[in-house]
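Start at 1 and go down the list; that is how both ligands and their atoms are numbered.
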Amino acid sequence: MVIRMIHKRAVKYLNKFNFTNVEGKTILITGGNSGIGFMSARYACYLKMKVIIACRSQKRGEEAIQKLKEEFPESDVKLMLLDMSEEQSIKNFVNKIKEEKIDIDVLYHNAGVYRLPYQIKENKELVVSTNYFGPYILMSLLLDYLHELKHEIKVVFTSSIAAKWAKNNIDMLAPTEKVSRMTRYCNSKLLDAYLFKYLYENDKSNVQYYLTHPGVTGTALFSKAYKNKFFVALTDGFMKVMGNPLWKSSLSIARVIENYGKSGLFYGPTHLFNWRGYPKVNKFLNKSYKHTDEIIKRSEEMTGYKLMNK
Ligand SMILES: NC(=O)c1ccc[n+]([C@@H]2O[C@H](COP(=O)([O-])OP(=O)(O)OC[C@H]3O[C@@H](n4cnc5c(N)ncnc54)[C@H](OP(=O)(O)O)[C@@H]3O)[C@@H](O)[C@H]2O)c1
């Protein structure tokens, strides 16, 4: 017997909204093999959307696709390989989308890493590279194609309440080894918000932009960042008591999909310091965007990619 892994309260929540126009539309989820991305893929399958999981491991991707197929035998799910920390992988990914003329209705930038030890990859610090430069390069390469599709497209970026503790200056893009793990993560998530804000304000086309945060929820994000098993177990226990359940944290994407027509919104839980609850329209990052143009200009210099022609 196939057990559907969607929480019954999530089903109730999903059924509250008018999703009649999403059936058959395509959602592409980066990091869709795990945690929030995988739960979002389940919701998309439940809503009868076509799902593309973009992930960096063929094996983990295939396992995720298999699970979705078991839970939703009628679903249309497919895997694409993408490593957000590698420029060539992003290029290959975008080329494939263009060559195969893959239609996209929702692009969910969900893939992310947490407080990794300091590491430079392709001339960039790995946390900032994965969480921010990956989506930045992907958008730079894909935006013209999304414009050519002409129909309404929703692009969703993933921030975090951690963005509130970012240092918020131009140095966020290239942290030195002295910058703590936590600050690098916080900075990367504020940079995602900057990217969202810039595109929302400057791209007045068929593409709409959203920002989400999941609150705080127990996923593999934490165990991937720490080797200490005791600390990971402690964090898991803490998350079970204090965190937002995964099924609830993952509902932001449903709000985005449901809310056709309203670009520029920021969804996430608002209870208990924005840790917990159902996704609502958030305001907590509204005052943070003082360096937008500088950050985008510097990102262009660092990557060699222009985000968009204004
Ligand atoms: N959990 C929370 O409390 C929390 C709070 C705020 C924000 N967020 C954000 O929510 C998003 C999802 O996190 P999660 O909690 O669901 O964690 P997760 O279960 O670890 O999922 C993260 C996903 O990102 C993928 N990923 C990591 N590096 C990648 C790369 N270089 N290229 C492609 N994919 C990559 C992972 O792939 P692998 O399976 O191969 O590692 C995984 O599929 C992240 O952006 C995170 O920052 C989470």
So, [X] and [Y]: side-chain donor and acceptor under 3.5 Å apart, yes or no?
{"X": "Asn168", "Y": "Tyr194", "answer": "yes"}
{"X": "His147", "Y": "Asp203", "answer": "yes"}
{"X": "Ser299", "Y": "Tyr132", "answer": "yes"}
{"X": "Tyr209", "Y": "Asn202", "answer": "no"}
{"X": "Lys121", "Y": "Ser85", "answer": "yes"}
{"X": "Gln66", "Y": "Glu62", "answer": "no"}
{"X": "Asp192", "Y": "Asn131", "answer": "no"}

[Y] reachable from [X] in the ILVMFWY side-chain graph, under 4.5 Å edges:
{"X": "Met84", "Y": "Tyr305", "answer": "yes"}
{"X": "Leu221", "Y": "Phe230", "answer": "no"}
{"X": "Leu138", "Y": "Leu81", "answer": "no"}
{"X": "Ile52", "Y": "Tyr145", "answer": "yes"}
{"X": "Leu107", "Y": "Leu141", "answer": "yes"}

Quiz item: Out of Ile36, Ile253, Asn110, which one pairs with Thr158 under the side chain to side chain contact (heavy atoms under 4.5 Å, CB included) rule?
Solution: Asn110
Location of contacts on [X] toward ligand 1, heavy atoms closer than 4.0 Å:
{"X": "Phe222", "answer": "side chain"}
{"X": "Thr130", "answer": "side chain"}
{"X": "Phe38", "answer": "neither"}
{"X": "Met239", "answer": "neither"}
{"X": "Val113", "answer": "side chain"}
{"X": "His213", "answer": "neither"}
{"X": "Ala111", "answer": "both"}
{"X": "Cys55", "answer": "neither"}
{"X": "Glu86", "answer": "neither"}
{"X": "Thr158", "answer": "side chain"}

Close N or O approach ([X], ligand 1; < 3.5 Å):
{"X": "Ser57", "result": "no"}
{"X": "Gly32", "result": "no"}
{"X": "Gly37", "result": "no"}
{"X": "Val216", "result": "no"}
{"X": "Leu221", "result": "yes"}
{"X": "Asn131", "result": "no"}

Which residue and non-hydrogen atom of the protein lie closest to [atom], and at what distance in Å?
{"atom": "atom 28 (N) of ligand 1", "value": "Arg56 CZ, 3.3 Å"}
{"atom": "atom 22 (C) of ligand 1", "value": "Gly112 O, 3.6 Å"}
{"atom": "atom 16 (O) of ligand 1", "value": "Ile36 N, 2.8 Å"}
{"atom": "atom 4 (C) of ligand 1", "value": "Pro214 CG, 3.6 Å"}
{"atom": "atom 31 (N) of ligand 1", "value": "Asp83 OD1, 2.8 Å"}

Using a 4.0 Å cut-off to any heavy atom of [X], which atoms of ligand 1 qualify?
{"X": "Thr217", "result": "1 (N), 2 (C), 3 (O)"}
{"X": "Leu82", "result": "32 (N), 33 (C)"}
{"X": "Ala220", "result": "19 (O), 20 (O)"}
{"X": "Gly35", "result": "16 (O), 19 (O)"}
{"X": "Gly215", "result": "3 (O), 5 (C), 6 (C)"}
{"X": "Arg60", "result": "38 (P), 39 (O), 40 (O)"}
{"X": "Asn33", "result": "37 (O), 38 (P), 39 (O), 42 (C), 43 (O)"}
{"X": "Tyr185", "result": "6 (C), 7 (C), 8 (N), 46 (C), 47 (O)"}

Self-check item: Main-chain N/O of Phe222 paired to Arg115 side chain as donor or acceptor, under 3.5 Å
Solution: no
Can you figure out which of [options] has its heavy atom closest to [atom]?
{"atom": "atom 18 (P) of ligand 1", "options": "Ser34, Ser223, Gly31", "value": "Ser34"}
{"atom": "atom 30 (C) of ligand 1", "options": "Lys189, Met84, His109", "value": "Met84"}
{"atom": "atom 44 (C) of ligand 1", "options": "Thr219, Ile53, Asn110, Thr30", "value": "Asn110"}
{"atom": "atom 36 (C) of ligand 1", "options": "Lys59, Lys224, Glu63, Met39", "value": "Lys224"}

Quiz item: Any heavy atom of Ser159 sitting closer than 4.0 Å to ligand 1?
Solution: yes
Practice problem: Answer yes if the ring centres of Tyr185 and Tyr114 are under 6.0 angstrom apart, and no otherwise. | Solution: yes
Quiz prompt | Phe196 and Tyr210 aromatic centres sub-6.0 Å | solution = no
Do [X] and [Y] form a cation-pi contact, if we require the NZ or CZ to be under 6.0 Å from the six-membered ring centre and within 45 degrees of the ring's axis?
{"X": "Lys204", "Y": "Tyr200", "result": "yes"}
{"X": "Lys248", "Y": "Tyr278", "result": "yes"}
{"X": "Lys67", "Y": "Phe38", "result": "yes"}

